[in-house]
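Reckoned from all heavy atoms, side chains included, excluding hydrogens, waters and symmetry mates. Please read all numbers here as calculations on a predicted model, not as lab measurements.
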Amino acid sequence: QVQLVESGGGLVQAGGSLRLSCAASGRTFSTYAMGWFRRAPGKEREFVGAVSWSGAVTYYADSVKGRFTISRDNAKKAVYLQMNMLKPEDTAVYYCAARRSAGASREELDYDYWGQGTQVTVSS
């Protein structure tokens, strides 16, 4: 079993940066692929980024490619989402997710554990 707790959300002006963190419990964290998803008001939850168990493979949504970077520290049992050049359309609740598999995935249904989410608000 894995428990995930996100932090680092907040209010930022357009063009600014935030770094989200996801702290995981459980001894098997290093064998799990991890992902970040988000849900904007009135919209479905959507994929943001994913990283394989080793950190060697990463995927990004087209909307964030070049602005967001996902990384992980298996020793600290943590995964991060560095968000730069934020836009008002990035406003959403951001969720961390863990997959009981080594390979990264863009598919929400591939993930087995979810955090409660952290709010990111980008003002124009």
Side-chain angles (χ1 to χ4, degrees):
Q1 191 78 352
V2 174
Q3 291 186 324
L4 305 171
V5 179
E6 302 95 336
S7 61
L11 174 64
V12 64
Q13 287 188 328
S17 298
L18 281 174
R19 188 192 194 209
L20 303 184
S21 298
C22 174
S25 66
R27 293 182 293 177
T28 54
F29 172 80
S30 63
T31 66
Y32 290 0
M34 300 296 295
W36 285 97
F37 292 77
R38 68 185 181 187
R39 177 180 282 136
K43 295 187 177 181
E44 298 290 319
R45 188 156 59 184
E46 65 175 3
F47 170 74
V48 175
V51 60
S52 63
W53 72 275
S54 67
V57 177
T58 56
Y59 299 139
Y60 296 97
D62 288 343
S63 59
V64 307
K65 202 172 293 183
R67 300 188 297 123
F68 290 11
T69 303
I70 188 170
S71 61
R72 66 188 296 160
D73 185 333
N74 287 341
K76 295 182 178 179
K77 296 183 181 180
V79 63
Y80 308 100
L81 186 68
Q82 178 66 45
M83 305 186 295
N84 299 328
M85 296 182 287
L86 282 160
K87 305 175 181 180
E89 51 264 43
D90 294 319
T91 295
V93 177
Y94 283 71
Y95 299 89
C96 173
R99 183 186 186 206
R100 285 194 305 249
S101 173
S105 172
R106 296 178 175 90
E107 300 300 325
E108 183 174 340
L109 292 177
D110 284 344
Y111 289 83
D112 301 289
Y113 305 103
W114 293 84
Q116 293 300 306
T118 185
Q119 176 71 47
V120 171
T121 303
V122 184
S123 63
S124 58

Q: Against Tyr113, only a single residue in Gln3, Met34, Arg100 fulfils side chain to side chain contact (heavy atoms under 4.5 Å, CB included); can you say which?
A: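 The option that passes is Arg100.
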
Q: Quick one: does any side-chain atom of Thr91 pair with a main-chain N or O of Val122 as donor and acceptor, under 3.5 Å?
A: yes

Q: Please check if Leu86 and Phe37 belong to a single hydrophobic cluster, counting links between Ile, Leu, Val, Met, Phe, Trp and Tyr side chain heavy atoms closer than 4.5 Å.
A: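 Hydrophobic grouping puts Leu86 apart from Phe37.
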
Q: With the 4.5 Å side-chain cut-off for hydrophobic clustering, are Trp114 and Trp53 part of the same group?
A: no

Q: Look up atom NZ in Lys43 and atom CD in Glu89, then write down how far apart they are to the nearest 0.5 Å.
A: 8.5 Å

Q: Any chance you could measure Arg19, atom CZ, to Ser7, atom OG, to the nearest 0.5 Å?
A: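 Output value for this atom pair is 9.5 Å.
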
Q: Calculate, to the nearest 0.5 Å, the distance between atoms CG and CZ belonging to Leu20 and Phe68 respectively.
A: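 Taking CG in Leu20 and CZ in Phe68, the distance rounds to 8.0 Å.
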
Q: For Ala97, is there any backbone N or O sitting under 3.5 Å from a side-chain donor or acceptor partner on Tyr32?
A: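 Absent.
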
Q: Please report whether the ring centroid of Phe47 lies less than 6.0 Å from that of Tyr59.
A: no

Q: What I want to find out is whether Asp90 reaches Lys87 closely enough, with some N-O distance under 4.0 Å, to be called a salt bridge.
A: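 Not counted as a salt bridge, because no side-chain N and carboxylate O are separated by less than 4.0 Å.
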
Q: Measure the spacing between OG1 of Thr118 and CZ of Arg38 and express it to the nearest 0.5 Å.
A: 14.0 Å

Q: Would Arg72 pass as a cation-pi partner of Phe29, given that its NZ or CZ must be under 6.0 Å from the six-membered ring centre and within 45 degrees of the axis?
A: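 Yes, Arg72 and Phe29 form such a contact.
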
Q: I'd like to know if the side chain of Arg99 reaches the main chain of Ala33, judged simply by a donor and an acceptor atom lying under 3.5 Å from each other, with no hydrogens or angles considered.
A: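 Here the side-chain-to-backbone pair does not exist.
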
Q: Give a yes or no on whether Met83 and Val93 share a hydrophobic cluster (residues Ile, Leu, Val, Met, Phe, Trp, Tyr; joining criterion: side-chain heavy atoms under 4.5 Å apart).
A: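 Met83 does not cluster with Val93.
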
Q: Check whether any side-chain heavy atom of Ser17 lies under 4.5 Å from a side-chain heavy atom of Gln82, and answer yes or no.
A: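 Touching, per the 4.5 Å side-chain cut-off.
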
Q: List the atom of Leu4, the atom of Ala24, and the distance in Å for their closest heavy-atom pair.
A: CD2-CB, 3.6 Å

Q: Look up atom SG in Cys22 and atom CG in Leu81, then write down how far apart they are to the nearest 0.5 Å.
A: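 Between atom SG of Cys22 and atom CG of Leu81 there are 10.5 Å.
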
Q: Quick one: does any side-chain atom of Glu6 pair with a main-chain N or O of Gly117 as donor and acceptor, under 3.5 Å?
A: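 Checking the backbone N and O of Gly117 against the side chain of Glu6, a donor-acceptor pair under 3.5 Å is found.
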
Q: Mind listing the closest non-hydrogen atom pair of Ala14 and Ser124 along with its distance?
A: CB-CA, 4.4 Å

Q: If you group Ile, Leu, Val, Met, Phe, Trp and Tyr by side-chain heavy-atom gaps below 4.5 Å, do Trp36 and Tyr111 land in one group?
A: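 No, Trp36 and Tyr111 fall in different hydrophobic clusters.
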
Q: Measuring from atom NZ of Lys77 to atom OG1 of Thr28, what distance do you get when rounded to the nearest 0.5 angstrom?
A: 8.0 Å

Q: Answer with yes or no whether the hydrophobic clustering places Val79 together with Tyr95; edges join I, L, V, M, F, W, Y residues whose side-chain heavy atoms lie under 4.5 Å apart.
A: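 No, it is not one cluster - the side chains of Val79 and Tyr95 are not joined through contacts under 4.5 Å.
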
Q: Which heavy atom of Ala104 sits nearest a heavy atom of Ser52, and at what distance?
A: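 The pair with the smallest heavy-atom distance is CB-N, 3.7 Å.
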
